[in-house]
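A short worksheet on the structure shown next.
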Amino acid sequence: MPELPEVETVARELRTRIIGKEINQIEALWSRSFQNMCDVEIAGQKILEIGRRGKYLILKLTKTFLIIHLRMTGQVLYFEQQNQCDFDDYIRVVVLFSDDTCILFKDVRKFGRIYHVADPDDQIAHVGKDALDADYEYFSEYLSTSKMNIKAFLLSQKYISGVGNIYADEALFLSGLHPAVISNKIRGKKARFLFENILYVLNNSILNMGSTISDYRDPSGEKGKNQFYFNVYGRAGLPCTSCGTAIEKIRFAGRGTHFCPKCQKNK
DNA sequence: CCATGTACCTGAAGGC
DNA sequence: TGCCTTCAGGTACATG
């Protein structure tokens, strides 16, 4: 499911709810969903800060860290009372707090992970700078030296992180760039325009509390609203919002890729 | 370095 | 109804 705007929405909501809380117990109902990679006891630690890099949530505890990646269908759900939890067949990890509140990690497809680590870099050192922390100098440095097609470049998390399939397609549409354009051919004003459009689609989606295609929910169980504002994602066959041409969907860089064949001719 | 395929999982949707 | 295929907000890894 979730890309940067959805994970950011989760981070913001969690900050208002679980900062300062003491963990009583963490239990994995599907063992692979929770990877305990350090010896320090979790019970008794408090949640001190909640950060994010790309699509990773970073919970700083008193001594160690919990790193959460939602992958395709993960949800972090918050409940005020442990006996009112909405348990179903897809709850993979349970975190109980000492004040009787809790969070449940729900994940239909079991791809998501919660890692317990001594140092966040043990898990996310390979992840590039968060898209919202990157400036244009940083972005263009990588763009100008990459021979990848631009769709694959944006999907890779090693340059800037947080952009996934939805926001890559949306940013390329706004930039008038075909997904197959080679990254280092995008220069000058076009490169800057692309960078601005990436920030725009991400920030705009955050304002709309993220996009819900099917599974994404925030910690309160609410859907996002940004899916109502897509220009190309999920709009195959529908008219381009700019020129009216039917939006095309192709398989590209291993993913479903949506674009306007008229507005994004630029190869 | 770059592109592609596969694996990890489950459920929904479409074709027959 | 049921069976089969394809697809899904992601990423790691193996192979040309």
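Values in this document were obtained by computation on a predicted structure and should not be read as measured data. Protein chains get the first letters and strands the later ones, always in sequence-line order, with residue 1 at the start of each.
A:Gly254 comes within 4.0 angstrom of nothing in the nucleic acid, heavy atoms only. A:Arg113 comes within contact range of no nucleotide atom at all, as no heavy-atom separation falls under 4.0 Å. Among the atoms of the strands shown, only primed sugar atoms or phosphate atoms (P, OP1, OP2) are found under 4.0 Å from some heavy atom of A:Tyr233. The residue A:Asn149 sits close only to the backbone: its heavy atoms come under 4.0 Å of sugar-phosphate atoms, none of a base. At the heavy-atom level, A:Ser146 lies under 4.0 Å from the strands shown only through sugar-phosphate atoms.
When the P atom is compared between B:dT6 and C:dT5, the two are found 15 Å apart, to the nearest whole Å. The same atom, P, is picked in B:dC8 and in C:dC3; the two are 24 Å apart, to the nearest Å. One P atom belongs to B:dC9, the other to C:dC4, and the distance between them is 22 Å to the nearest Å.
For the pair A:Lys158 NZ and C:dC13 P, the computed distance is 13 Å after rounding to whole Å. Counting to the nearest Å, the C1' atom of C:dG10 and the CG atom of A:Leu57 are 15 Å from each other.
Residue A:Lys55 has a polar side-chain atom (N or O) positioned under 4.0 Å from OP1 or OP2 of C:dT11. Contact between the side-chain N/O atoms of A:His69 and the OP1/OP2 oxygens of C:dG10 is not found at any separation under 4.0 Å. Distances shown here put a side-chain N or O of A:His126 below 4.0 Å from the OP1 or OP2 atom of C:dA12. In this structure, A:Gln157 reaches the C:dT11 phosphate: one of its side-chain N or O atoms is under 4.0 Å from OP1 or OP2.
Using a 4.0 Å cutoff to heavy atoms of chain A, the contacted part of DNA chain B runs 5' to 3' from B:dC2 to B:dG11.
The shortest side-chain heavy-atom distance between A:Arg92 and A:Lys110 falls under the 4.5 Å cut-off. Counting heavy atoms from C-beta on, the side chains of A:Ile103 and A:Leu77 never come closer than 4.5 Å. Contact check for A:Glu222 versus A:Met209: no side-chain heavy atoms found under the 4.5 Å cut-off.
A:Thr101 and A:Lys21 are linked by a side-chain donor-acceptor pair at a separation below 3.5 angstrom, with hydrogens and angles left out of the test.
Heavy-atom distances to DNA chain C give each of A:Tyr56 and A:Arg109 a nearest nucleotide, and the one nearer the 5′ end belongs to A:Arg109.
Annotation: A:His116 is not in aromatic contact with A:Phe65 [ring centroid separation under 6.0 Å not met]. Between A:Tyr159 and A:Phe153, the gap from one ring centroid to the other is short of 6.0 Å.
Both A:Ile186 and A:Leu199 are assigned to one and the same hydrophobic cluster, defined by single-linkage of ILVMFWY side chains at heavy-atom distances under 4.5 Å. Note on A:Ile68 and A:Ile47: same hydrophobic cluster, where clusters join Ile, Leu, Val, Met, Phe, Trp and Tyr whose side-chain heavy atoms are under 4.5 Å apart, directly or indirectly.
A salt bridge is absent between A:Arg113 and A:Asp107: the closest approach of a Lys/Arg side-chain nitrogen to an acidic carboxylate oxygen does not fall below 4.0 angstrom.
A cation-pi geometry, defined here as NZ or CZ lying under 6.0 Å from the six-membered ring centre and within 45° of its normal, does not hold between A:Arg235 and A:Phe230.
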**OP:** Return one dot-bracket line describing DNA chain C 5' to 3' (Watson-Crick or G-U wobble pairs, both distances under 3.5 Å; ( ) same strand, [ ] crossing, | another strand, . none).
**Re:** .|||||||.|||||||
